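This one's a predicted model, so the numbers in the text were calculated from it and none came from an experiment. Below, chains carry the letters A, B, ... as their sequence lines are ordered, and counting in each starts from 1. Hydrogens, waters and symmetry mates are skipped; everything else that's a heavy atom, side chains included, is used.
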Amino acid sequence: MSKLPFKTVDAFSLTGLPWRERFVVPRTISDLAGKSWMEGAVPVLLSLLLASLVLITTPEITGAGDRSLILRQFAELGFLALALTIVMVGGGIDLSVGSITGLSAMASIILFRAFGLPVPLVILVALLLGVVLGSINGFLIAIVKTRPFITTLVTLLAFRAMISVLQSRYAADAVMPRDDDLWLIIGQGNVAGFQTSLVMFLPLLLFTHLFLTRSRWGWWVTAVGSDRRSARRNGVPTRKVAFLTYVASGLLCGLAGLILAARQGSTSDTVASGYEIAAVTAVVLGGVSLKGGRGSAMRAAIGALVVALIAQAVIRNQAPSGTSTSILAAVLICFAVLDAKWNKNRTKVTEKLSMVPASMRVGPLEDVTSEDSKWRVNFALSDATPIGVGQIEGAEDCVVDDEGRLYCGDRRGWVWRFSGDDLEHGEIFARTGGFPLGHALHPDGRLFVAVGGIGLCEVSTDGEVEVVANQTRKSRFQIFDDSAIRFADDLDIAPDGTIYFTDASSRIDAAEMFNSVIEYRPSGRVFRYDPSDGSVDTVIKNYLLANGLCTSHDGQSILVASTGLFRVDRLWISGPRQGELETVVEGLPGMPDNINRSSDGHYWMSYVGMRTPSWDLLLRHGDVRRRMTKELPKDDWLNPQFNVSCIMKFTDDGRIIDVLWDGTFERHPMVTSMSERHGHLWIGGIENNRIGRVRLPEEKVGSIDPGDIPAWTGTSAATRTRTEAVTGTAGAPEVAP
Amino acid sequence: MSRRLEGVLDWISPGRVLRPSIPPLEGGLRPNERLDEARVLATAEPFELEDVAHHQGKTVVSRRQDLLTVREDGLLESLAKLPGRCGPVASLGDLLVVAVDGHGLIAVDDAGAQSVVSSASLVRQGITDLCVEPEGTILATVCSSTWSLNRWSDALLDGDCTGAVVRVHDGQPEVLVEGLAWPAGVALADGGFIVTESLTTRIEIVDGTGRRERLLANLPANPGRVHGSGRGWWVAAPYPRNRLTELLLTEPDVIAEMREEIDPELWMVPRLGSRQIIREPLQHGQRRVLGKIRPWAPAWSYGLAFHIDQRGQVTDSLHSRTDGTTHGVTGVSSSDDATVVLAVAGSGKVVEVEVNHG
């Protein structure tokens, strides 16, 4: 339950896109295809289609008599399908399922009729026989390490030969019918109105499903089937697992044989012949991968049902013998191809369709080069003192503490700290593991960092990193899982101690930030993190490339910059207008990045790059940008003008009162941040090799310390204790009354 | 739909492709920094230089309306001021012939006195290159009958092919070849002449009977002026080909809107050099990363001149890469086998490079 005092603001309308653009069909397909359950969904869907085709062409098989025949066959085939599923998920194949079933059936009928053994003993022997035959397969494949396919092909023939031997030796003695209630119940009877075989099959199906998906052994089977080597290195007893899959298969086939014997009472040596192909077709229809590691018992059972339907339909149509096998073979080959192609190309489809650039019409572009423009290029930043050249790689944001030490990010995941008179001493202060983007110092000395790829991190005064927020609640009615915070970008601390931070895109990771600039879909968000209970609430959603964020001077609102819409908005976080989003400034000539307070009561904002007429033009042509991303190498994609950027100062009511450029266009490209402290302006660049320090003219420095949180009420740690807390010499921050 | 059909047809018959993929710079065109390292003979404002020629031991360049000689001390000394913008320059005996846009071919003597060689309408504008034949006749390339000299990018967007090669004999022009896609350079060859086609990035040899034979095709840059040198030719290549441009050429809507709304200097097309970087398009690879622009990035402007032999093999090349500054080579000339002098319009430089063959 959200404890946000106001409703999440939907900023989609700011883009000016029509309502239907909220749904992007190719992207939705991509989202769907990316779901793990889609792996089996397509084969199952197709097999259900196949089943409806059968039902439409041969509707008479839905009659009561046919129905019971189908269900009977479904159950018998189901045992074999389960057997094969276990073996195939374990990375093998068992072609001898039909022969084991046949041998078990032949043995059962001979023991029952020729030897007159009691039925429970017959059951026991049949099951044991299955186990023994399965063990032969298992021994050869798992212990001797023969190939599963050829081994079970050989045992298929061997067991089939044994059936013939048994048949010729005992068939004459086994024609005598014998009455036995239990035998009758197994073969023909009903339990609670259902056929015995079905009653036995369904719990077994449930058990196998739970076994494969929920038990340690089931996971081991899957692991061995996915990658035998990895499984072994992770301590899975691969040989034992592989061996036991064949034993389990044998056991299930033994059971199937017993039921078959009790039902048919046939002593023909063709008993259960051709069951292999029916069983293999059933599991492949059910989406069990022939390559191992993937498959489910439930889906295999659906496959078995479809095969049973097809078989019955063939009988109904009085087709010549062999038709059934031919049809099954045809279906099998189609689904085997699907199995090979679908899972191989699924990720490719997902990737191809995931980026669908939007066609966005943006406002007129002011010519910043014209003589009378307030944007006229100057050299205010050109003489910035470089800090950290040779050390820093890509410091998106920086912050300066009370002592004048500089903290900044690095694309390798580090947070640098520079100290000394000229900040010549750089050290890696913390390692985040992501891409540190926004930085903010808490009054008690902790450093909060918005880390792209991770979320919100807290760095203690001695450099210990703790992830405090990396996910939020998943949006409702959304296929794509947007609960992860992929692109935390900038942050600031509100007067009550909550932390507001931006997420430039809920779909694209910070590592692929340029893709989000090409895509131009409003999926950015602004979050509020509440340190009191660790909750993360969305305050603004569907905000295009949410980037800079700053608490206003009065502490009643936050300012948020949209890099994509060239605008700054204000969200009221307290006071009478709480929860309202209002425009501060729009139609800017560049792509805004971070915002920070200035000492004279205004705000600094940097531009990561400038708009160009060409960029505005291609923004209108999403289809062309899509073609561009597909047909050209990334280096050839059109971008905004990133090699040129500037910093501006604006007031609370959106007036631009100062513009600073590096007129050389060489030292500070892609200015992503600036922060004012101690009479200097510190300039960061996401792809630059330095932080620049510019001394501000005296008349432009005011009395406010931009490092203070406005109207601070959050915790009782008083400002005066901050210095000690930062240096760590005073131990735990002092708590004022 | 039609683009799909085109795709299928291209697949069936790769030879019909209008713009085959841009070949990499390799073999003789392997990149180097020789243009950036070259000796600068003189400098001018960017985009003002046109052509360079050797005439009686002096190096002559055309700049705006002036013909200038390059002095030893690096200054440019005026030889003559002409009534219009000067284009190509060629040496004709004691005289210099220069094509003046809007006026025709004008001969200038050592004292700077001017005389009109031809002001026939055919050669009055759009002359991209000149060369003098042994008989004293002049070969001239006319870029287009639709677009003027400074509208190369328009011609590129149109796929213009209304250019021609003409021979001027006693002041009378005679069309030798027409229907060329912005012919930009002409020089003598065995039994005929060599002509470069900028828009189709081809170099052809035309013999005395007018038969055209392809010497080179699908170059990675748009070739420009040519200068015969020893057993081959030096070719200036003012514009690099750009993959993004060639993709956009198949998007008529974008092209139409670009022409309608955007200043031609800011178009997404190759250029001689950067004029106002703030509003010019940028490609992803051209970003300045960690203080540096990657030399191998795709380029809107590039510095390139290369030497080809009689068989069309590129034997030598001079480059200024994406991160370089000596972009937009428009004129090329050499007086001996050891050096070649280039007029680099994009950066406003006349440079001399030592080469080791003719």
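Nearest heavy atom pair, residue B:Ile277 against residue A:Gln641, reads O-NE2, 2.8 Å. Closest approach of A:Phe665 and B:Arg288 over heavy atoms only: O-NE, 3.6 Å.
Between A:Asn643 and B:Ile293 there is a side-chain heavy-atom pair separated by less than 4.5 Å. Considering only heavy atoms from C-beta on, B:Leu290 comes within 4.5 Å of A:Arg411 through its side chain. Residues A:Trp661 and B:Ile278 form a side-chain contact, since some pair of their non-hydrogen atoms from C-beta on lies under 4.5 Å apart. The shortest distance between side-chain heavy atoms of A:Thr612 and B:Leu282 does not fall below 4.5 Å.
Rounded to the nearest 0.5 angstrom, B:Met268 CE and A:Trp615 CH2 are separated by 10.5 Å. From B:Glu257, atom CD reaches atom CG of A:Asp616 across 12.0 Å, with rounding to the nearest 0.5 Å.
Residue contact with chain B, scored on non-hydrogen atoms closer than 4.5 Å, is absent for A:Trp375. If you measure heavy-atom distances from B:Ile262 to chain A, the contacts under 4.5 Å come from the side chain alone. Contacts between A:Leu638 and chain B at a heavy-atom distance below 4.5 Å involve backbone atoms as well as side-chain atoms.
A salt bridge links B:Glu261 to A:Arg620: one of the charged nitrogens lies within less than 4.0 Å of a carboxylate oxygen.
For the residue pair A:Asp635/B:His284, the side-chain donor-acceptor check at 3.5 Å is not satisfied.
Screening A:Arg625, A:Arg626, A:Arg627 against B:Glu251 for a salt bridge (charged side-chain N to carboxylate O under 4.0 Å, His left out) leaves a single residue, A:Arg627.
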